[in-house]
Amino acid sequence: MDGVIKGRLESLRQEMEKEGVDYYLIPTSDFHNSEYVNDYFKAREYFSGFTGSNGSLVVGREMAGLWTDGRYFIQAEKELEGSGITLFRMQEEGVPEIPDFLKEKMQDGQTLGFDGRTVSCLEGRKLEKMLGSGQGENDRKVKIRYDMDLAGRIWAERPQLPSHSVWVLPEEVSGKSAQDKLKEVREKIAQAGAEYLLLSKLDDLMWLLNIRGNDVECNPVALSYGFITPEEMYFFIQPSEVTQELEAYVASNGIVLKPYDEIMTFLENYNYTCDGKLGKALLDEGNVNYALYKMLSGKTCCISGENPTEQLKARKNDTELEHMEEVYRKDSAALIKFIYWLKHNIGKQEITEVSAAEYLDNLRRKLDGFVELSFPTISAYKENAAMMHYEATPGSCKTLAPEGLYLVDSGGQYMGGTTDVTRTVALGEISGEMKKHFTLTAVAMLQLTHAKFLYGCTGRNLDVLARQPLWNIGIDYKCGTGHGIGYILNVHEGPQNIRWRPVSDKKEAILEEGMVVSNEPGVYREGSHGIRTENILVVRRGEKTADGQFMYFDTLTYAPIDREAIDTQYMQPVDIERLNGYHAAVYEKTAPYLTEEERAWLAEVTAPV
């Protein structure tokens with residue numbers, strides 16, 4: 001594979017030379033800045049061999065560098081080995097961000113190239129400012145060409161653009177009509193001082209119109225754009241994805257269908273006059289791509305702001321939460337059945353990381369309302385679990401044995417919710433250090449679960465509750481503690497998150513009632529083990545006193561925390577009380593979904609410590 005990657009990079013450099021391009025940028029994203037993308041858009045993976053969900057490749061005439069975050073350091077080291085590509089560990093001391101790197105390396109008159117459809121407006125404008133303005137003392141007068149899909153010239157076997165039928169979500173499942181959502185969004189557009197909204201974030205569009213698609217594995221979204229005016233909603237989608245059901249549905253809701261590939265032409269020709277004056281367009285610079293921004297900003301005044309859909313989507317309504325609670329009980333029971341099977345069969349039959357994942361995936365597929373997995377199951381044994389997003393493959397996976405720790409991170413998409421849960425299981429004898437790490441991870445997760453906080457707090461205010469037990473022994477995990485969860489949508493959802501490190505150019509989101517967020521501290525030791533315990537929480541409104549409105553979390557996930565890996569010497573009485581209380585709830589919530597033998601076992605493993 002190393003030789004293949006080097007050959008592809010050489011072909012890319014030849015095209016760069018033909019075009020007079022000195023550096024070429026290949027990000028991970030599709031035309032919508034999605035976190036997970038269809039195979040058609042995996043140009044960065046094609047040219048680097050790195051398969052992680054986050055990373056950007058910069059290729060120069062004589063160098064190549066891959067930038068990725070702490071979740072993927074170990075994985076990237078292995079996948080880049082022998083390729084000649086340098087790994088840049090993002091947010092580590094002394095590691096420059098891509099714009100800073102290019103500013104240092106590029107000279108006046110040189111050219112940076114990229115496909116402007118795959119670079120966000122935010123990143124494109126940052127590159128413009130740092131490389132092309134010529135106004136600052138150290139600025140480089142670099143030319144930027146954003147009309148270059150060089151991958152399309154070289155990638156002969158590139159997959160086709162995905163196209164699958166779109167389906168309509170019943171209102172008894174969504175809890176609110178598309179018309180009501182559009183009304184709320186138009187009110188937010190007006191409050192922002194704009195008349196129009198350019199919407200390209202796929203999960204926001206699916207939420208707004210109460211539809212779902214299948215253009216990205218594990219993410220029920222369809223490639224699309226939306227343009228909202230005071231009177232109309234234009235929806236751009238591939239004609240091959242439009243069913244009779246969708247056609248009738250959009251017509252009844254006053255939504256105008258347009259072909260997906262006509263978005264640029266539409267923006268170029270649209271009359272932006274509103275009430276006799278030039279209207280303003282609201283757009284989210286972090287999600288609208290640079291090419292669309294350049295077109296729109298050349299035609300009308302653009303206002304930068306968050307998509308109003310994102311905040312509205314994040315606060316689940318009562319119908320959504322009711323469905324999610326039921327889905328999580330069934331999903332948790334499926335995980336319990338899996339752990340029961342694993343504990344009773346390890347050492348008696350051959351079980352690999354792949355076959356274990358398949359067993360769990362099949363348990364989910366049997367559940368009522370199952371649509372698909374919410375992400376490929378992470379099934380990782382021993383040192384493989386130290387790679388946070390490890391994916392086992394046939395032929396190169398480990399065989400499980402009655403010893404050590406096994407980590408499984410998994411979830412499903414259902415007609416009623418999106419699930420995500422991680423448990424680490426002791427398959428037999430484990431070291432004292434592993435027990436210490438496992439126990440403190442459980443303590444950390446439960447400590448955040450029991451947080452009581454004033455309204456106005458963001459995830460950054462709470463993150464230390466999960467990290468403190470691990471920080472106390474000099475351990476940290478190189479990722480956030482929590483991310484938002486979609487509703488029959490993306491397993492990673494904003495704007496809410498729980499992390500201590502601020503995200504550049506991103507406003508911190510207040511934790512609002514109805515938001516759903518993960519809680520997943522962990523310990524990762526390269527070459528040894530990985531531990532993660534993840535539950536999903538709902539933000540609730542608590543008591544209001546003279547000092548303000550208090551908030552708290554409710555738990556959606558109910559699966560046992562392996563007591564065989566617990567060492568109570570690392571727990572305070574309050575920690576033991578929390579663990580016992582959680583385990584009592586696990587039995588109560590999931591026992592009705594289990595067989596008699598499984599219930600008896602669950603009663604044993606959730607008994608008080």
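Since we're looking at a predicted model, the values are computed, not measured. Residues: numbered from 1 along the sequence shown.
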**Asked** Is any side-chain N of the basic residue among D149 and R117 closer than 4.0 Å to the acidic one's carboxylate O?
**Response** yes
**Message:** Testing the basics here: between P27 and S56, what is the closest heavy-atom pair and its distance to 0.1 Å?
**Reply:** CA-OG, 3.7 Å
**Prompt:** Going through the distances and angles, do F553 and F453 end up as a ring pair (Phe, Tyr, Trp, His ring centres under 6.0 Å)?
**Reply:** CA-CA 9 Å; F553 292 119; F453 53 98; 5.3 Å; yes
**Prompt:** Taking C-beta and beyond as the side chain, do T422 and L407 meet within less than 4.5 Å on heavy atoms?
**Reply:** yes
**Message:** Test your reading of the model: is there a side-chain donor-acceptor pair from H164 to the backbone of N214, 3.5 Å cut-off?
**Reply:** yes
**Prompt:** Can any side-chain N or O of S374 pair as donor or acceptor with the backbone N or O of V491 at less than 3.5 Å?
**Reply:** no
**Message:** Taking K330 first and then E326, would you say they form a salt bridge - that is, a charged N and a carboxylate O separated by under 4.0 Å?
**Reply:** yes
**Message:** Ring centroids only, cut at 6.0 angstrom: are Y196 and Y270 within range, meaning strictly under it?
**Reply:** yes
**Message:** Determine whether a donor-acceptor pair (N or O, by modelled atom type, separation under 3.5 Å) exists between the side chain of H32 and the backbone of L202.
**Reply:** no
**Asked** Hey, does the side chain of R212 reach the backbone of V166 with a donor-acceptor pair shorter than 3.5 angstrom?
**Response** no
**Item:** D180/K183 ion pair, N-O < 4.0 Å
**Value:** no
**Message:** I'd like to know if K176 and E171 make a salt bridge, using a cut-off of under 4.0 Å between side-chain N and carboxylate O.
**Reply:** no
**Request:** Say whether E353 and S379, considering side chains only, have a donor N or O and an acceptor N or O under 3.5 Å apart.
**Result:** no
**Request:** Take atom CD of E217 as the centre, draw a 6.0 Å sphere, and report whether it contains more than 12 heavy atoms from other residues, nucleotides or ligands.
**Result:** no
**Message:** Quick check: F236 with Y260 (ring centres under 6.0 Å apart)?
**Reply:** no
**Item:** K478, NZ atom: more than 12 neighbouring heavy atoms under 6.0 Å
**Value:** no
**Message:** Donor-acceptor pair, distance only, cut-off 3.5 Å: does the side chain of T418 make one with the backbone of L489?
**Reply:** yes
**Request:** May I have the step-by-step check of side chain to side chain donor-acceptor pair (under 3.5 Å) for N519 and T481, ending in yes or no?
**Result:** CA-CA 6 Å; N519 172 11; T481 297; over 6 Å; no
**Prompt:** What orientation do Y290 and Y146 show, parallel under 30°, tilted 30 to 60°, or perpendicular over 60°?
**Reply:** perpendicular
**Test item: Q179 side-chain N/O and N253 main-chain N/O as donor-acceptor pair under 3.5 Å** = yes
**Request:** Start with the C-alpha gap between K294 and E128, add the side-chain angles, then the distance that decides, and say whether salt bridge (charged side-chain N to carboxylate O under 4.0 Å, His left out) holds.
**Result:** CA-CA 12 Å; K294 295 293 282 187; E128 260 185 11; 2.9 Å; yes
**Request:** Salt-bridge test for E306 and K201: reply yes if a basic N is under 4.0 Å from a carboxylate O, no otherwise.
**Result:** no
**Item:** Candidate pair H492 and F375, rule ring pair (Phe, Tyr, Trp, His ring centres under 6.0 Å), full reasoning
**Value:** CA-CA 10 Å; H492 293 162; F375 56 96; 7.4 Å; no
**Prompt:** E520 and Y477: side chain to side chain donor-acceptor pair (under 3.5 Å), yes or no, with the steps?
**Reply:** CA-CA 10 Å; E520 47 185 308; Y477 43 96; over 6 Å; no
**Prompt:** Quick one: are L267 and L292 in side-chain contact, heavy atoms under 4.5 Å?
**Reply:** yes
**Request:** Could you check if a side-chain atom of I336 sits within less than 4.5 angstrom of a side-chain atom of L594, using non-hydrogen atoms only?
**Result:** yes
**Request:** Search all heavy atoms of C302 against all heavy atoms of L283 and return the closest pair with its distance.
**Result:** SG-CD2, 3.8 Å
**Request:** Carefully, step by step, assess Y293 and L198 under the rule side chain to side chain contact (heavy atoms under 4.5 Å, CB included).
**Result:** CA-CA 9 Å; Y293 162 75; L198 175 59; over 6 Å; no
**Prompt:** For the side chain of R145 and the backbone of F114, is there at least one donor-acceptor N/O pair under 3.5 Å apart?
**Reply:** no
**Prompt:** Checking ring-ring contact (aromatic ring centres under 6.0 Å, His included) against Y414, which of Y328, F370, Y487 comes through?
**Reply:** F370
**Message:** Tell me if a side-chain donor or acceptor on S240 pairs with a main-chain N or O of S163 at a distance below 3.5 Å.
**Reply:** no
**K181, NZ: over 12 other non-hydrogen atoms inside 6.0 angstrom** = yes
**Asked** Ion pair present between R125 and E285, side-chain N to carboxylate O less than 4.0 angstrom?
**Response** yes
**Prompt:** Any ion pair linking K280 and E195 (charged N to carboxylate O, less than 4.0 Å)?
**Reply:** no
**Request:** Could you check if a side-chain atom of Y455 sits within less than 4.5 angstrom of a side-chain atom of E512, using non-hydrogen atoms only?
**Result:** yes
**Request:** Would you name the heavy atoms of I488 and G416 that are closest together and state the gap between them?
**Result:** CD1-N, 3.5 Å
**Asked** Does atom CD of E322 have more than 12 heavy-atom neighbours from other groups under 6.0 Å away?
**Response** no
**Message:** Would F41 and F31 count as a ring pair (Phe, Tyr, Trp, His ring centres under 6.0 Å) here? Give the steps.
**Reply:** CA-CA 9 Å; F41 296 103; F31 301 157; 4.9 Å; yes
**Item:** Donor-acceptor pair, side chain of T300 and main chain of G279, under 3.5 angstrom
**Value:** yes
**Which atom of I237 lies closest to which atom of L223, heavy atoms considered** = CG1-O, 3.8 Å
**Asked** Is any side-chain heavy atom of C218 less than 4.5 Å from a side-chain heavy atom of P376?
**Response** yes
**Item:** Verdict with supporting geometry, R364 and S410, side chain to side chain donor-acceptor pair (under 3.5 Å)
**Value:** CA-CA 10 Å; R364 281 198 168 91; S410 62; 2.9 Å; yes
**Request:** Would you mind reporting whether L448 and L462 have side-chain heavy atoms less than 4.5 Å apart?
**Result:** yes
**Contact check, side chains of L199 and F235, non-hydrogen atoms, under 4.5 Å** = no
**Message:** I'd like to know if R315 pairs up with E320 as an ion pair, taking the criterion as any Lys NZ or Arg NE/NH1/NH2 lying under 4.0 Å from an Asp or Glu carboxylate oxygen.
**Reply:** no
**Request:** Any chance you could lay out the salt bridge (charged side-chain N to carboxylate O under 4.0 Å, His left out) test for D463 and R460, step after step, and finish with the verdict?
**Result:** CA-CA 5 Å; D463 183 85; R460 200 171 170 208; over 6 Å; no
**Prompt:** Would you say H389's side chain and R71's backbone share a donor-acceptor pair under 3.5 angstrom?
**Reply:** no
**Prompt:** Do the rings of Y234 and F227 sit parallel, tilted or perpendicular, given the 30° and 60° boundaries?
**Reply:** tilted
**Item:** N269 atom CG: more than 12 heavy-atom contacts under 6.0 Å
**Value:** yes
**Sole candidate of T118, T28, T51, N54 that passes side-chain hydrogen bond (donor to acceptor under 3.5 Å, both in side chains) when paired with R44** = T28
**Asked** What's the verdict on side chain to side chain donor-acceptor pair (under 3.5 Å) for N497 and H483, showing C-alpha distance, side-chain angles and the deciding distance?
**Response** CA-CA 4 Å; N497 61 60; H483 56 81; over 6 Å; no
**Prompt:** Does the side chain of V37 reach to within under 4.5 Å of the side chain of V216, using non-hydrogen atoms?
**Reply:** no
**Message:** Could you walk me through whether L556 and V516 satisfy the side chain to side chain contact (heavy atoms under 4.5 Å, CB included) test, starting with their C-alpha distance in whole Å, then the side-chain angles of each, then the deciding distance to 0.1 Å, before giving a yes or no?
**Reply:** CA-CA 9 Å; L556 287 176; V516 179; 4.1 Å; yes
**Prompt:** Does any donor atom in the side chain of T309 or N307 lie under 3.5 Å from an acceptor atom in the other side chain?
**Reply:** no
**Prompt:** For atom CD of E172, is the number of surrounding heavy atoms from other residues, nucleotides or ligands below 6.0 Å larger than 12?
**Reply:** yes
